[in-house]
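Here the structure is laid out as structure tokens; the discussion comes afterwards.
Heavy-atom basis, side chains included; hydrogens, waters and symmetry copies ignored. Order of the sequence lines fixes the chain letters, A, B, ..., with proteins taken first and strands second; residue numbering starts at 1 for each chain.
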There are 2 protein chains.
Amino acid sequence: MAPEILVVDDDRELRETMVEILSEAGFTVTAAASGEEALATLARQPFALVLIDMIMPGLSGQEVLPLLKRQAPRAKVIMITAFATVENAVEAMRRGADDYLTKPFKVDELLTAVRRTLEEARLRECGFSIDMDSTFSCLGNALRREILKLVAREQRIRFMDIARHLGIEDHTKMNFHLKLLRDAGLVGQDERKNYLLTPEGQRVIDCLGQLQQG
Amino acid sequence: MAPEILVVDDDRELRETMVEILSEAGFTVTAAASGEEALATLARQPFALVLIDMIMPGLSGQEVLPLLKRQAPRAKVIMITAFATVENAVEAMRRGADDYLTKPFKVDELLTAVRRTLEEARLRECGFSIDMDSTFSCLGNALRREILKLVAREQRIRFMDIARHLGIEDHTKMNFHLKLLRDAGLVGQDERKNYLLTPEGQRVIDCLGQLQQG
DNA sequence: ACAATCTGTGAAGAATATTTCACAACTCTC
DNA sequence: GAGAGTTGTGAAATATTCTTCACAGATTGT
């Protein structure tokens, strides 16, 4: 499925030009003439990317941005303005915009910005997908959480060292939990049987840290 | 404990001026004269905020930024430059900077930017702290995860409606799980006994969505 | 090669978590 | 206020997970 883009601009001519350029480049494009219309459209359908003119009657781009980010946190946003200043640009980015385009722009500038931003979004979706069910049921156990945290901290660690660090005398007990962590795809082993985090495990740890205080 | 700030600038005079200003404002400040030194310092000690000059011999600010973000993802960053352009500012923000300051700046501009950025960091730490143990052991159960997701989707929902949505015929079973979710602080009830997400629950849901594809 | 340690398996028993059931207060509507 | 539906409690039965134990191949150091 082609990436869905929403173009929001009150200037009909510019709006239609942008739609045309992006459509020809192979994107699926929808247009909205105001911030209000954009939010309504976003409520009905998800978009990968939203292009917003900063200056519009009614809701301005600046005002739409936080509303949009709340409603569709995963949508990427490129702000467009004729009055570009460092302050405005920084402010827009601080508020959650992903890029910033100055009018007038060339066709190439638009396409480059759009492609780059979509590419970033695609990267973030990562190659692997995490199976929430196995991950959560696995981490429902406190000892397994401890093991995961320890492996994350030590980077690579051997079986018996995990047991010693956590004060577990029965290694077969450790093995039981370690196996579940392996099955859930959270930890793996290198060629020397050292235990280490998989990318999935790394991501879970990141998320955990963020959950705790971030 | 006062917030820890790291100032990175090769220009000794400006560096010491910034340290002085920030120290007098009550912050705990450390200085580094180069990108390399900054990264080494960050490895030894965490900082809430790092101020980096864009242009330095050796590692430039642009080069330090991604390294720093990898090493200390939770540190906030303010980039400082004498050659401010919209493009440079946008680029720095895209790469993970949290604010952007143009030289020469007034004392007030520096303090405002620093305070605002730290305030944002503080807000993100939120008022409540999540008890990872109870949260995870609670969400170890698939049915409870389903309930949490349903409550998140519906915003507020009544007891029996949860049961019907999930096709659970025995309401006392529902009650068992709902109670555990309440005990874990993930869901609450309003005055009419509608179930709804607590802030903690909201945060967990956000994190979950992000884990799945973000 | 030998001993010592490490890494692993599977099955039975022990401990927890979950479901079911009997029961009841409460809140609507009529 | 009677009846229907809602929201709840606690204890016993059941299912699941966890621990322990007996055993064994692999690896390492000497």
Under the ring pair (Phe, Tyr, Trp, His ring centres under 6.0 Å) test, residues paired with B:F136 that sit two or more places apart: A:F136

Which donor-acceptor pairs under 3.5 Å do side chains of residues 47-65 of chain B form with protein atoms, sequence neighbours excluded?
residue	atom	partner	partner atom	Å
B:D53	OD1	B:I55	N	3.4
B:D53	OD2	B:K103	NZ	3.2
B:S60	OG	B:Q62	N	3.3
B:S60	OG	B:E63	N	3.2
B:E63	OE1	B:S60	N	2.8

Once side-chain contact (heavy atoms from CB on, under 4.5 Å) is applied, do any residues pair with A:R153, and if so which ones, sequence neighbours excluded? A:L150

Can you list, pair by pair, the side-chain donor-acceptor contacts under 3.5 Å of residues 171-180 of chain A, counting residues two or more places apart and other chains?
residue	atom	partner	partner atom	Å
A:T172	OG1	A:D170	OD1	2.8
A:T172	OG1	A:D170	OD2	3.2
A:H177	ND1	A:R144	NH1	3.0

Output all residues satisfying side-chain contact (heavy atoms from CB on, under 4.5 Å) with A:E146, sequence neighbours left out; order by chain, then residue number. A:K149, A:L166

Extract, from 5' to 3' on DNA chain C, the first and final nucleotides lying under 4.0 angstrom from some heavy atom of chain A. C:dC6 to C:dT9

I'd like to check the side-chain contact (heavy atoms from CB on, under 4.5 Å) partners of A:A142; sequence neighbours left out, ordered by chain and number. A:R145, B:D133

Report the residues that fulfil side-chain contact (heavy atoms from CB on, under 4.5 Å) with A:R116, sequence neighbours left out, ordered by chain and then residue number. A:D99, A:E120, B:E91, B:R94

With sequence neighbours left out, what residues match B:R192 under salt bridge (Lys or Arg N to Asp or Glu O under 4.0 Å)? none

For A:E37, give me all partners under side chain to side chain donor-acceptor pair (under 3.5 Å), at least two apart in sequence or on another chain. none

Using a 4.0 Å cut-off to any heavy atom of chain A, which nucleotides of DNA chain D are the first and last in contact, reading 5' to 3'? D:dC18 to D:dA22

Interface with DNA chain D, restricted to residues 171-179 of chain A and to heavy atoms under 4.0 Å: A:T172, A:K173, A:F176, A:H177

Taking the side chain from B:T198 and the backbone from B:G185, do they hold a donor-acceptor pair closer than 3.5 Å? yes

Base, sugar-phosphate, or nothing for B:R192, non-hydrogen atoms under 4.0 angstrom? nothing

